Amino acid sequence: MSATDFATDCATDCADDFAAAQWTRATGTGVDPHEYRRVTGSLTSVADWGPAFVRTGHGYLQRAEDAASSLSAGEYLLTAARWFHLATLAPYADSPRAAAEADHALSRALTVLEPGARRVSGEGFTGWLRGPSNAPGTVVVVPGLDSAKEGFLDLASTLLARGLAVFAMDGPGQGVLAATTTFVPDYERVVGRVIDTLGVARIGLVGLSLGGYFAARAAALEPRVAAAATVSGPFRLDWEELPPPVREIMARRAGGRRRRPRVRPPRGPHRPCAPHRGPAAGRGRRAGRHPRCDERRDPGPPGAARQPPVRPARRPPPRQRAARLAAPPQRPLHAHPDGNTDMNRFTDKTILITGGTSGMGLATAHRLVTEGAHVIVTGRTRARVDSAVRELGPHASGIVADAADLGAVEALVKTVRERHGQLDGLFANAGTGTFLPFENITEADFDHGIDVNFKGVFFTVQKALPLLADGGAIVINASWTLHRGNGVLTLYSATKAAVHNLARTLAASLAPRNIRVNSVSPGYIDTPMYPADALTEAEAKAITGQIVAGRFGRPEEVAAAVAFLASSDASYVNGQDLVIDGGLTGTVPA
């Protein structure tokens with residue numbers, strides 16, 4: 001069965017299987033995992049995949065139009081590019097249009113976020129060159145079989161943060177070029193043309209998925225490739241050993257079944273070199289190349305010294321990196337979002353916000369920065385942390401940490417101690433959502449929900465407590481669901497009730513140190529975890545019909561409540577839960 005037939009005939013179970021199979025790939029692209037689950041959870045067949053993902057991408061385009069700042073608009077455009085790209089992973093008649101929309105959204109985003117980035121195109125390739133003009137090295141990122149440059153934005157951000165220049169490309173049969181070109185067997189020639197156009201002497205090459213084969217082949221046959229890395233991909237291809245669906249897609253992208261043999265790796269002396277584990281390749285050391293491969297790749301005369309590979313520059317200290325990435329403040333320091341310039345409740349105070357790279361956490365970080373605080377935000381990936389710090393400006397810093405990992409929490413606190421000495425406040429915001437009926441929750445779902453929402457909060461507070469100054473404040477993000485039952489929120493509600501009660505008991509136990517502990521219970525808030533514009537009209541009406549305010553809340557409205565509880569204005573508020581839900585739990589709409 002072809003991939004197209006599979007999509008047409010597939011029922012709900014197949015859609016679930018397809019979504020599960022794409023999970024790692026989608027989250028690796030950088031989309032929010034909870035939003036991915038929500039989008040794919042509504043699919044009735046694989047044929048619905050493309051339209052659903054395109055709709056989600058259009059939602060982010062609208063957010064970019066409505067954004068209050070150019071930085072926020074740029075981030076929304078990057079997210080739109082990711083969703084448009086993911087729309088092409090399943091057979092879809094409008095895949096070329098989705099790929100074009102991904103390319104266009106990325107172009108708009110970089111125009112806003114990185115004015116120095118430039119479009120570079122040539123025969124059989126197109127992409128964006130990003131990074132400093134005086135970078136110590138240039139890395140070319142090669143996508144895979146059905147992938148594109150938009151699939152590896154987080155990887156590019158990581159390389160850029162290390163001071164490198166990055167060219168993420170679409171080649172023949174890839175991304176925006178898939179509609180007009182087909183795969184070529186001599187991909188190293190495309191890489192050679194890229195190097196010529198970039199005007200650099202040598203490059204590093206990263207190949208993702210099938211791009212690993214392209215990178216390995218180019219490294220073997222193009223002498224200007226100084227170093228190559230393959231990620232989840234082969235360094236050689238054996239046609240007969242490929243799974244039938246992969247052969248089907250490769251044949252189609254290579255121009256049809258009659259051209260299929262051309263995608264086979266060449267036989268004979270120019271076959272790409274395999275990694276060689278010789279005497280020097282023991283534990284803790286990298287595998288070397290076979291000597292014959294080195295000889296083949298060396299462009300110089302016999303006995304000539306080989307040029308050293310491109311190596312990343314030493315990463316600058318965190319403070320310097322934050323300053324380099326920082327954007328100008330969007331408002332005058334200490335300026336309240338409503339225009340009041342007397343708000344300086346957090347001057348010279350340091351606040352830690354877990355899960356501070358998006359949604360309510362990021363909005364709270366913005367609020368506290370405008371009121372004079374230095375904020376430390378955490379997130380699970382370096383790319384997201386760096387993006388948040390860049391958006392927040394010079395009065396923010398970031399640390400990569402997974403709230404569910406106790407070792408990571410301990411490392412987080414150690415880093416905070418080394419960099420800042422003490423904390424004046426903590427917003428325990430990191431959380432996850434498992435929205436399933438009680439009878440469908442598995443042990444794995446249970447463990448994940450408890451690990452992030454309760455264990456993570458518990459030990460974050462415990463480990464950070466020695467750093468918290470007497471008279472400080474802790475705010476824990478709970479949920480409206482602890483006040484009202486909901487049939488598909490059993491696990492989620494239980495974890496939020498747990499952290500609310502944790503806040504109440506800590507308020508009593510920390511009273512001798514005058515540390516106040518409160519929780520907030522947001523209602524339906526328009527965040528990447530639960531975006532309002534991703535709902536159907538009927539779904540949105542069903543939700544807002546229960547809310548007296550008649551709408552979703554904004555992250556900034558939660559941020560205002562957190563800022564109040566963390567400030568001296570709330571000096572007589574302790575052990576309480578502040579509900580911010582527009583009247584969802586406390587009243588009945590007329």
Side-chain angles (χ1 to χ4, degrees), residues 78 103 106-107 109-111 113-144 147-172 174-177 187-209 211-231 233 272 286 289 297-300 305-316 321 324-325 382-383 386 390:
L78 287 179
D103 181 77
L106 176 60
S107 300
L110 293 181
T111 299
L113 297 174
E114 300 177 28
R118 62 186 177 95
R119 185 83 179 216
V120 178
S121 301
E123 183 184 349
F125 70 88
T126 188
W128 282 86
L129 179 63
R130 303 164 61 187
S133 58
N134 61 345
T138 300
V139 178
V140 174
V141 179
V142 176
S147 195
K149 59 188 179 299
E150 293 82 13
F152 307 105
L153 297 176
D154 285 358
L155 170 64
S157 295
T158 299
L159 295 171
L160 289 167
R162 293 179 177 271
L164 297 168
V166 179
F167 181 67
M169 61 176 284
D170 290 334
Q174 298 169 324
V176 72
L177 299 182
Y187 203 94
E188 71 282 355
R189 294 182 182 272
V190 179
V191 173
R193 291 195 291 271
V194 168
I195 299 173
D196 291 340
T197 306
L198 295 180
V200 295
R202 296 167 78 77
I203 64 164
L205 199 59
V206 178
L208 291 304
S209 188
Y213 164 69
F214 294 145
R217 178 181 169 86
L221 302 177
E222 169 53 65
R224 291 173 294 177
V225 176
T230 65
V231 181
R286 293 195 300 178
R289 284 185 167 274
R297 295 177 68 242
D298 189 350
R306 292 176 55 81
Q307 297 183 34
V310 178
R311 298 187 184 278
R314 181 180 295 274
R315 196 173 195 183
R321 184 168 69 254
R324 187 186 70 214
L325 297 175
R382 169 55 58 190
D386 285 348
R390 187 165 57 238

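Everything numeric in this text was worked out from a predicted model, so none of it was measured.
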Please name the pair of heavy atoms, one in [X] and one in [Y], separated by the smallest distance, quoted to 0.1 Å.
X      : Y      : result
Leu78  : Ala109 : CD2-CB, 3.5 Å
Thr197 : Ser121 : CG2-O, 4.3 Å
Asp386 : Ala161 : OD2-CB, 3.4 Å
Ala218 : Leu205 : CB-CD2, 3.7 Å
Gly175 : Ala148 : CA-CB, 3.4 Å
Ala228 : Ala219 : CB-CB, 3.7 Å

Rounded to the nearest 0.5 Å, what's the gap from [atom1] on [X] to [atom2] on [Y]? Could you check?
X      : Y      : atom1 : atom2 : answer
Phe125 : Leu177 : CZ    : CG    : 10.0 Å
Leu110 : Leu153 : CG    : CG    : 8.0 Å
Asp196 : Arg224 : CG    : CZ    : 4.5 Å
Arg217 : Glu188 : CZ    : CD    : 4.0 Å
Arg202 : Thr138 : CZ    : OG1   : 12.5 Å
Arg189 : Leu221 : CZ    : CG    : 9.5 Å

Steps toward side-chain contact (heavy atoms from CB on, under 4.5 Å) verdict (Ile203, Val139): CA-CA 6 Å; Ile203 64 164; Val139 178; over 6 Å; no
Parallel, tilted or perpendicular, as decided by the 30° and 60° cut-offs, for the rings of Phe214 and Tyr187: parallel
Over 12 non-hydrogen atoms of neighbours within 6.0 angstrom of CD in Glu123: no
Flag if over 12 foreign heavy atoms under 6.0 Å of CZ, Arg193: yes
Chi angles and distances behind the side-chain contact (heavy atoms from CB on, under 4.5 Å) call for Lys149, Asp103: CA-CA 8 Å; Lys149 59 188 179 299; Asp103 181 77; 2.7 Å; yes
Heavy-atom side-chain contact between Val200 and Ile195 under 4.5 Å: yes
Side chain Gln174, main chain Pro143, donor-acceptor under 3.5 Å: yes
Asp170 side-chain N/O to Thr126 backbone N/O, donor-acceptor pair under 3.5 Å: no
Pair Leu159-Arg130, side-chain contact (heavy atoms from CB on, under 4.5 Å): steps then yes or no: CA-CA 10 Å; Leu159 295 171; Arg130 303 164 61 187; over 6 Å; no
Pair Arg382-Ser157, side-chain donor/acceptor within less than 3.5 Å: no
side-chain contact (heavy atoms from CB on, under 4.5 Å) assessment of Val194 paired with Phe167: CA-CA 9 Å; Val194 168; Phe167 181 67; 3.7 Å; yes
